[in-house]
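Presented below is the structure to which this report refers.
Quick note on labels: first sequence line is chain A, next is B, and so on, each numbered from 1. The figures here come from the full heavy-atom set of this structure, side chains too, leaving out hydrogens, waters and symmetry mates.
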Protein chains: 2
Amino acid sequence: MANIKDVAKAAGVSPATVSAVVNDTAYVSPALRARVLEAVESLNYSPMSAARNLKRGRSQLIALAVADLHNPFFSRLVCAAEAAVSAWGYSLVVFNSDEKPENERTILARIRSLSCDGMVLVPIGSPERYQQFWRDPAAPPLVLFGREIGDNRFDAVTLDNVLAGRRTTRYLLDLGHRKIGSITGPTFLSTGAGRLQGLLQAMEERGLKPDPEHIRSGDFREEIAYSVAMEMLQRPDRPTAIYVANGLMALGTMRAVNDLGLRCPEDISIASTDTLPGVGGLRPRLTRTEHPLGEMIDQAVRFLMDRISNEDAQTQGRRVTFPPELLLGDSCAAQ
Amino acid sequence: MANIKDVAKAAGVSPATVSAVVNDTAYVSPALRARVLEAVESLNYSPMSAARNLKRGRSQLIALAVADLHNPFFSRLVCAAEAAVSAWGYSLVVFNSDEKPENERTILARIRSLSCDGMVLVPIGSPERYQQFWRDPAAPPLVLFGREIGDNRFDAVTLDNVLAGRRTTRYLLDLGHRKIGSITGPTFLSTGAGRLQGLLQAMEERGLKPDPEHIRSGDFREEIAYSVAMEMLQRPDRPTAIYVANGLMALGTMRAVNDLGLRCPEDISIASTDTLPGVGGLRPRLTRTEHPLGEMIDQAVRFLMDRISNEDAQTQGRRVTFPPELLLGDSCAAQ
DNA sequence: GAACACCAGAAAAACGTTTCGCTAGATAAC
DNA sequence: GTTATCTAGCGAAACGTTTTTCTGGTGTTC
């Protein structure tokens, strides 16, 4: 592969001049500039980023480490992140911790050694895990995404999960439902806990309290949600509406509804937070609160760019919480 | 960040020795090795990959450039590729050409300058586009994925699309269907053309020929498939079964079926190639042929690893075509 | 016409590794 | 005891850039 010296030789100039032309970093007379560009063209030269990175100390790489790439929600995140990152001239390196702490550890080490210029992390586990990462001056800027870990030193972008739960539940309450159940995510995750808390808040506002038997964790997984829903819906005092905490579980719940011969929304109303890509056309259309995913990842990347350019940046973590949007389908009926 | 010299100084050895220890590339006496490791530990040293890459001439990066990241199929591909690549100690850089040639051009340039050690490409457009890429000795090994472009110089991993179409159609024929329609992908893509061709072959085997009005392109998109299906299903001589060429369109077709008050499979049988993630629980469960995606990407990565280690490799492109699996749901009924 | 400022471009150092060739010391052989 | 053999570890070059410093030539000004 042609290197900068080859180009310099071909154009009869010094490597410095080639660099100046290629990076547009200093004035070069039109004549020379043309010769250089011609040489670049004919040799099909493109600067080797390993060398450039070594010299410049940055890599033009942004890492995205998600907790579970199998979950379509995170797939959508990858898609949005790729777009956001490449708009700033960066490339996206994708990692999947698969909810396993040891994987996450490996990934963090790898990101550091790749000298990624920044990273977006959907964290698993508790803040202690990131202590060392935080202290390490060589670590790239970090934005936590989606999940709260109770540590305000990092920048963080999240959905207002409590609001999501509250808003969705209020909608069900406004339709007249009183016996509202929920299939929640894991409560050790802020996404699971927050959405549940929002539901509880909304019901409490009306002086209601859910039947404990109607609040069950589906672990954010389709099959588990299915079996939990099967059981809940077969109870004699089954709820009239269910708030499901994510898209995969919403589908599992719908399946249970169908398998039991129940009709949605006539027999049971279903509302969720989040949905699945591509299923927009399914009937009944799901009533749900959604993440403004594009805006969220844009914000996360903006945080990173900010830290990257402002080395002297405040050490305090900034956090932005996005409100969910309530999108009406026809999976809920008045009670 | 601590560098190799700092470690060397701390351990009282030369940088060469540190390198030998870190990479386990030469014998170092136990005593020294321990001192070095201790220094590495206490300084939290990790080799800077930019420098290492510069010296070694590789980057431990594999690029995956897909044609449309919004399509859930390619999201699944990302997930599978991340796993395959990291199993070999590489990291995955993800790009989305969004079916736009100019994006693809940019991406190829970027991959080259990142010195990615290999790339998996879901190509858009015709082979000429990759000519220059092919001639460039600096370009990393390339495996084409999913789509045929009629150029046998590259390694390629594909699904046997013709077989997918044929197998699915035969299944419908065996159920007694004679008036079989299809919502196809774009026929300028091998995936679209192949699946359609498979359908035609299967029908021809039985001396049948589809009504031209029953063969329509849905462009691999949900909404287009919806409107095409709406129209096709409202024809007085509507087909009794439809073969839909991908998962997104299958959902659109199902939606049209529902919106027209038709029942599947009683009124119309639907079978597809590919499906959507997470919708495994939907009713009716889709009868479909699926990509063995994990095996396919594993094969692609193995091709790359092969080229990476065997510099002297054959210049001839190898190609592996995977047979689709037919998975029975309950979206098809006997006619 | 001389002194000076200015500027385009070149030369060279530096970034952090790996790796080749070498040295010095130990061991073994005679 | 001398020489040959071997080996652990070191020094230094090299990878391909960017960037700082330097140089030589041109133009300006009094």
By nearest heavy atom, map A:Gly12 and B:Tyr45 onto DNA chain C; which one lands nearer the 5' end? A:Gly12
Note: for A:Arg58 and A:Ala50 on DNA chain D, the residue whose nearest nucleotide lies more 5' is A:Ala50
Distance test, side-chain N/O of B:Thr17 to OP1/OP2 of D:dC10, below 4.0 Å: yes
Let's see if you can work this out: which of C:dG9, C:dT17, D:dC10 has an atom nearest to the side-chain heavy atoms of A:Val28? C:dG9
When you measure from the side-chain N and O atoms of B:Ser29 to the phosphate of D:dG9, is any distance below 4.0 Å, counting only OP1 and OP2? yes
Just how far, in rounded Å, is P of D:dT20 from CZ of A:Arg56? 13 Å
Whole-Å distance, B:Asn53 CG to D:dT17 P, equals 14 Å
CD1 on B:Ile62 to CH2 on B:Trp88, rounded to 0.5 Å: 10.5 Å
Are more than 12 heavy atoms, taken from residues, nucleotides or ligands other than A:Glu102, located less than 6.0 Å from that residue's CD atom? yes
Expressed as a whole number of angstroms, how long is the span from B:Arg112:CZ to D:dG16:C1'? 14 Å
Please pick, from C:dT17, D:dT17, D:dA8, the nucleotide with the shortest atom-to-atom distance to any side-chain atom of B:Tyr27. D:dA8
Can you measure B:Leu114 atom CG to D:dG16 atom P for me and round it to whole angstrom units? 17 Å
If you measure from CZ on A:Phe322 to CG on A:Leu293, what distance do you get to the nearest 0.5 Å? 10.0 Å
NZ of A:Lys55 versus P of C:dG16: gap in Å, rounded? 9 Å
Rounding to a whole Å, what distance do you find between A:Ile4:CD1 and C:dA12:P? 16 Å
About how many Å separate CG of B:Leu92 and CG of A:Leu64, when rounded to the nearest 0.5 Å? 11.0 Å
For B:Ser19, answer base if it contacts any base atom (sugar-phosphate contacts may also be present), sugar-phosphate if it contacts only those atoms, and nothing otherwise; contact means non-hydrogen atoms under 4.0 Å. base
Please confirm whether the shortest side-chain N or O distance from A:Asn3 to OP1 or OP2 of D:dC15 is below 4.0 Å. no
Between atom CG in A:Asp24 and atom C1' in D:dT18, what is the gap in whole Å? 15 Å
To the nearest Å, give me how far apart CG (A:Leu32) and P (C:dG9) are. 4 Å
Taken to the nearest 0.5 Å, the spacing of A:His291 NE2 from A:Thr191 OG1 works out to 7.5 Å
On DNA chain D, nearest-nucleotide positions of B:Ala16 versus A:Pro15: which is more 5'? B:Ala16
